[in-house]
Amino acid sequence: MKILLVEPNYKNKYPPMGLMKISTYHKNRGDEVTFFKGVMDSKQFLEEQYDRVYITSLFTFYYNQTVKTIQSYEKLISPEKIYIGGIMVSLMKDRIKNDINDGVTILTGLLTDSHVLGLNDSVNIDILPLDYSILDDIVYKYPAGDNYFAYISRGCTNKCSFCAVPILEPEFCMTNNIIHQVKTISQNFGEKRNLLLLDNNILSFSEQELERIVSDIQELGYDKKTKFFSELPLKQFMEKLHKYENRKVATKNVLSETLSYLKEKEKIKKSKIYQEKYMEIMSELENSDDKLQILFNYEDELIEILDFYHHPVGSRRAVDFNQGMDARQLTDKKMKILSRIPIEPFRLAFDRIEYKDIYSKALKIAAKYEVKSFSNYILYNCDDKPEELWERLKVNVDLAKELDVKIFSFPMKYAPIDRIDRKYVGKFWNRQYLKNIYAISNVTKGIVADGENFFYKAFGRNIDEFYMILSMPKEFVTYRAYFEQNGLAIEWREKFLQLSLEEREELLDVLSEEKTTQNSRLVELLGYYSIKKGTEG
């Protein structure tokens, strides 16, 4: 069978693990597999004569883009040969039925039995190793793509109303053998430096189970002592080029990377003999129409030259429990077990201000075991008030100072799992406030670092100042220093502070709901909201 795996053409940080497992499954059956991001050109698609198309999905706010992708493939192949799945499809199965052909097969939840694919076997695809080779079929590079990706467990013991996990993975259980996963990836696709674990709640395991998990991770070389020594990239490139001999697109992409790498290495100061030989090969490569064959001809010589100058310095390895730790379940005993592995950053959830004491206690326990780098997502726009976002960020600033640690916070806007856009406005929020949180995040690149000066400048010295910043013209927030220097921000602030509480509420209604006002003071103030940097004269 000829299989096409498709991911819609949205930007995303992590590669599609579900498709990578499906690839492993089909290759184990002897099938030919290709990966494509977006909609393939119709001529190319028809030439390849694919037998099946699998299309994945991610967040619900990519609904329209995902549906358009599915509909495009319905025009290229019989809908009965199309299989769709993933997060968005699982959450919106009933809705998506109305927008696609009845013949398309909808797969929901975890793919634990290949029987649902209509094939005469019964394989738990969800626990299969990932096929990293399909990532070379596309030009797009995932920001977090060069890690070991794995799950130790599925599901979560919590049933948070804002989370999709209870629907997607209703049962909490240990699933995969982490040692087998990582060793299989290393054997087939080379060593990776860091281990990224996507478990929803690793602390739900008992101390005994956590002990076993940590011991397995240590056995893989994540023990705070073992360092990572990178292999010569050219060796990895050449292994792929030999392996991908019959995969035209993957070969083209890897060949391009290889040539760019070799060009960059021209800058290395080499001995006269090595330099002359290297430049002779590079000249032949540049003038040849069959660059792949030239690479094969000179493979040993190129590796010998570059390997001589390849002196990798051992790098620290890190384990990243990417979905975050549950502060409510972090005990001293569990932290003592976890402290044996190099967790960096230590992600600790802080979703509600009510958890302030629990969160602070958990962070102090981790710091006690010499954790120095923390990171967390700060959920907002759910059932929280704006000041609660400020308060949680301030807690991190204070804890970082008290404990002498680094804490990087990422304000994360809540988006309901039953909506297909990002326009939801929480009960205590409004569009003006959300717009300015987005502006602040853009300025800080999404990160709120520790440090009082940084925090006070971005979010205000107190809650009143925070609310004033949220009410400012977005352009003034984005280019704060510029508009403070030319005096316009100060003018706006003076006029804003003269407003009564009722007038401020009316101002927010006008800005958020596109209402009009007859209040002359507000009309004058609204003039500032149309000012753009460079046009204020």
Quick check, are the ring centers of Y142 and Y14 under 6.0 angstrom apart? no
field: Carboxylate-amine/guanidinium proximity below 4.0 Å for K263 and E266
entry: yes
- Y151 atom OH: more than 12 heavy-atom contacts under 6.0 Å: yes
If the threshold is 4.0 Å, N to carboxylate O, is there a salt bridge linking R29 and D121?
yes
### Query
Going by an N to O cut-off under 4.0 Å, is there a salt bridge joining E257 and K252?
no
State whether a side-chain donor-acceptor pair under 3.5 Å links R247 with S133.
yes
In short, ring-ring contact (aromatic ring centres under 6.0 Å, His included) pairs touching residues 175-201 with sequence neighbours left out are Y132-F189
Requested in this report: Check the surroundings of atom NZ in K272: do more than 12 heavy atoms from other residues, nucleotides or ligands lie under 6.0 Å from it?
Outcome: no
Minimal heavy-atom distance between T56 and L19, with the atoms involved, is CG2-CD1, 3.7 Å
**Asked** Looking at D51 and K81, does any basic side-chain N land under 4.0 Å from a carboxylate oxygen?
**Response** no
Side chain S57, main chain G85, donor-acceptor under 3.5 Å: yes
side-chain contact (heavy atoms from CB on, under 4.5 Å) between T108 and L91: does it pass, once the steps are laid out?
-> CA-CA 8 Å; T108 59; L91 293 175; over 6 Å; no
Worksheet item: With distance as the sole test, does N253 use its side chain to make a donor-acceptor pair with the main-chain N or O of A250 at under 3.5 Å?
Response: no
- Task: Give a yes or no on whether a salt bridge exists between D131 and K21, defined as a side-chain N under 4.0 angstrom from a carboxylate O.
- Result: no
Worksheet item: Looking at F172 versus F205, is the centre-to-centre ring distance below 6.0 Å?
Response: yes
Pair K37, N12: side-chain N/O donor-acceptor within cut-off below 3.5 Å
yes
Ionic contact status for E48 with K2, cut-off 4.0 Å: yes
Contacts of F45 meeting ring-ring contact (aromatic ring centres under 6.0 Å, His included) (sequence neighbours excluded), chain-then-number -> Y50, Y73
Residues 212-239 vs ring-ring contact (aromatic ring centres under 6.0 Å, His included), sequence neighbours excluded, gives F237-Y261
Test item: S339 side-chain N/O and K336 main-chain N/O as donor-acceptor pair under 3.5 Å = yes
| Is the cationic atom of K406 (NZ for Lys, CZ for Arg) positioned less than 6.0 Å from the six-membered ring centroid of F374 and within 45 degrees of its normal? | no
Can you tell whether the side chains of R316 and E344 come within less than 4.0 Å, N to carboxylate O?
yes
Ring-face cation contact, Y148 with K192, 6.0 Å cut, 45° max: no
For this session: Examine distances only and state if a side-chain atom of D199 and a backbone atom of I152 form a donor-acceptor pair shorter than 3.5 Å.
Result: yes
| said: So that I can tick it off, tell me whether K225 and D223 are bridged by a salt bridge, with the cut-off set at under 4.0 angstrom between side-chain N and carboxylate O. | reply: no
Does the ring of Y63 carry R95 above it, NZ/CZ under 6.0 angstrom from centre and within 45° of its axis? yes
A quick test of your reading: do over 12 heavy atoms of other residues, nucleotides or ligands sit less than 6.0 Å from CD of E80?
yes
